[in-house]
Amino acid sequence: VQPNVSIDPLDAVTIDVWKTGYKRTTQIGQPQFDSRGYARIDATLVKEEAVAADYSGTVADEQGHPLSGIEVAAVDRFVSASPLGLVVTDANGAYHLGPLDVVRDRTTVISLRASGKGWASNLKDPPRRGSSGLVSPAVIDFAMTRGHWVGGRVVDENRKPVAGVHLSVEGSFQSRL
């Protein structure tokens, strides 16, 4: 990483480094400068303990009727858009997700997301023991409410599709039937 910052050669520098799967670390040290004047600051990350998380439950509508074909995904809410695991509910609205290798630390926030066409996405956090321990196995049930899906595409200034875009839709929506 080469951010464009000004560093005084006599000042100590504080760096904060984190990545999923590693303990977050803050280090203070003197940067080492090369012949071109670039500062080099090295950091050491330590791998976190992985734990197998195992979740199951049912997905139903507001009246308690089971919903089949609903996707249930385990996601790290603050780091990755890609699910850590994904399954689809069966004819009885049941799902089983796991075992998933996840990191047991304070910076990893695992959530389960249930979503399906015509239903509002539902996000739930699995139970935790203390500040760092995920409770597993755990039963997590979802009650879905009707919702609407937004469709479209993202293009660049030349009207060409752009792949891999992260998109968030927020606001107050009113249903028009």
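Residues: numbered from 1 along the sequence shown. FYI, side chains are in, hydrogens and waters are out, and symmetry mates aren't considered; it's all heavy atoms of this structure.
Taking CD of E62 as the reference point, atom CZ of R146 lies at 7.5 Å (rounded to 0.5 Å). Atoms CG and CD1, from L112 and I140 in turn, are 4.5 Å apart once rounded to the nearest 0.5 Å.
Nearest heavy-atom pair, L100 versus A74, reported as atom, atom and distance to 0.1 Å: CD1-CB, 3.5 Å. Minimum interatomic distance between M144 and A120 (heavy atoms only, all atoms of both residues): CE-O, 3.3 Å. Nearest heavy atoms, V139 versus G57: CG1-CA, 4.2 Å. Closest heavy-atom contact between S68 and A91: CB-CA, 3.7 Å.
In this structure, D90 contributes its side chain and N92 its backbone to a donor-acceptor pair below 3.5 Å. Between the side chain of D141 and the backbone N or O of T58 there is at least one donor-acceptor pair closer than 3.5 Å. A donor-acceptor pair under 3.5 Å links the side-chain atoms of T89 to the main chain of L67, judged by distance alone. Judged by distance alone, the side chain of S111 and the main-chain N or O of L123 form no donor-acceptor pair under 3.5 Å.
Of the options L86, N122, V59, a side chain to side chain contact (heavy atoms under 4.5 Å, CB included) to V72 is made by V59 and by none of the others.
The side-chain hydrogen bond (donor to acceptor under 3.5 Å, both in side chains) check on D61 picks up H65, with sequence neighbours excluded.
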